[in-house]
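Read through the structure below, which is laid out as structure tokens, and then see the notes.
Hydrogens, waters and symmetry mates play no part in the numbers below; they use all other heavy atoms, side chains included.
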Amino acid sequence: MNTINITIDLDEYIADAANDMGEYGEKPQPISKYIVKEIIRELTAQIDSDQRNRIQQEVAEKFEESVTVAVQEAVDKRLESFMQNEIALTDHWNRPNFIGTFDDFMAKTFDDKFLAPVDSSGKVIKGCTSTGLTYVEWLVKNRIAKLEETIMYVVNNKAEKVEKMVKSEVDAKLQKCKEEAAARVLAALDK
């Protein structure tokens, strides 16, 4: 069991109390508060630096955790409020061209970009279109075309390699068969 010896100097309290008495008869701090402060001061003086560092680390971690949670909750609340409040966007003559929530604005922006008609090079056009495709359709079509090109290149490249490998194997087998047949013919002639 650990024991802690604490000495509290009450003479210092009495002197401080006498100095704290003002001309209006203000009361000094209660002796219980003074004793608590002195006990805390004595205990912290007796705690070694490792314990102090450990306690400071624990306090810092708990503080950081509580601050992080509080900040995250505040940010979430503000973001939710922002996302639900209506906004109004205007053109350069201050005529509103959009009124709604931020979610609605994001959906409209997405639709405007990805569902807009495009030309054959994928650029958004104003008016008639020659391809009849939206940006998403054009993008998918072009990606599929590039993927088909890549697949055909890989297939053709592999087919050429397989053809060369099969040809060299067949040539090697034919050469071996010729040599074996020639050896059998010569062996039969020698008999």
Side-chain angles (χ1 to χ4, degrees), residues 1-22 24-118 121-126 133-147 150-151:
M1 176 155 91
N2 294 334
T3 58
I4 299 174
N5 293 327
I6 299 175
T7 305
I8 300 175
D9 185 5
L10 292 179
D11 291 335
E12 187 177 316
Y13 171 74
I14 294 169
D16 287 346
N19 289 337
D20 284 345
M21 291 295 280
Y24 300 108
E26 301 150 351
K27 293 184 180 178
Q29 69 178 351
I31 192 164
S32 59
K33 285 187 178 180
Y34 179 78
I35 291 173
V36 168
K37 286 182 183 177
E38 285 298 307
I39 290 172
I40 291 172
R41 189 180 61 75
E42 284 289 323
L43 286 175
T44 55
Q46 291 180 12
I47 294 175
D48 66 5
S49 65
D50 289 340
Q51 290 174 330
R52 185 175 296 142
N53 290 341
R54 183 180 52 80
I55 291 170
Q56 286 175 344
Q57 180 69 24
E58 288 176 11
V59 168
E61 287 172 1
K62 287 181 182 179
F63 179 74
E64 181 180 350
E65 181 180 324
S66 65
V67 166
T68 301
V69 168
V71 167
Q72 187 63 43
E73 287 174 356
V75 167
D76 289 345
K77 186 177 178 182
R78 296 280 301 227
L79 185 60
E80 182 66 27
S81 172
F82 175 74
M83 297 297 278
Q84 297 305 317
N85 286 340
E86 285 202 354
I87 57 174
L89 300 177
T90 60
D91 60 13
H92 58 281
W93 289 292
N94 279 341
R95 289 182 297 198
N97 57 9
F98 176 81
I99 297 174
T101 65
F102 191 76
D103 287 336
D104 296 338
F105 177 70
M106 293 300 292
K108 180 184 179 310
T109 303
F110 179 85
D111 290 347
D112 289 350
K113 172 64 178 163
F114 291 105
L115 300 179
V118 295
S121 63
K123 297 201 187 301
V124 176
I125 60 169
K126 310 263 192 253
L133 299 175
T134 65
Y135 181 73
V136 171
E137 293 167 335
W138 175 84
L139 189 63
V140 169
K141 181 181 172 187
N142 280 353
R143 297 291 179 181
I144 289 173
K146 287 181 182 177
L147 184 61
T150 304
I151 289 171

(message) Considering only residues two or more places apart or on different chains, which pairs with a residue in residues 87-106 satisfy salt bridge (Lys or Arg N to Asp or Glu O under 4.0 Å)?
(response) Asp91-Arg95

Only distances under 3.5 Å count here; give the side-chain donor-acceptor pairs of residues 108-116 to other protein atoms, sequence neighbours excluded, each with its distance to 0.1 Å.
| unit_1 | atom_1 | unit_2 | atom_2 | d |
| --- | --- | --- | --- | --- |
| Lys108 | NZ | Asp112 | OD2 | 2.8 |
| Thr109 | OG1 | Phe105 | O | 2.8 |

(request) Keeping to residues at least two apart or across chains, list the salt bridge (Lys or Arg N to Asp or Glu O under 4.0 Å) pairs with something in residues 57-77. (result) Arg54-Glu58

(request) Measure across Glu86 and Ile99 and return the closest heavy-atom pair with its distance rounded to 0.1 Å. (result) OE1-CG2, 3.8 Å

(message) Could you measure the distance from the CG atom of Asn142 to the CG atom of Leu147? Nearest 0.5 Å is fine.
(response) 12.5 Å

(message) Is it true that, when you exclude Met83 itself, more than 12 heavy atoms of the residues, nucleotides or ligands shown sit nearer than 6.0 Å to its CE?
(response) yes

(request) State the OG1-CG distance between Thr101 and Asn85, to the nearest 0.5 angstrom. (result) 9.5 Å

(message) On a heavy-atom basis, which atom in Asn97 and which in Thr90 lie closest, and how many Å separate them?
(response) OD1-N, 3.7 Å

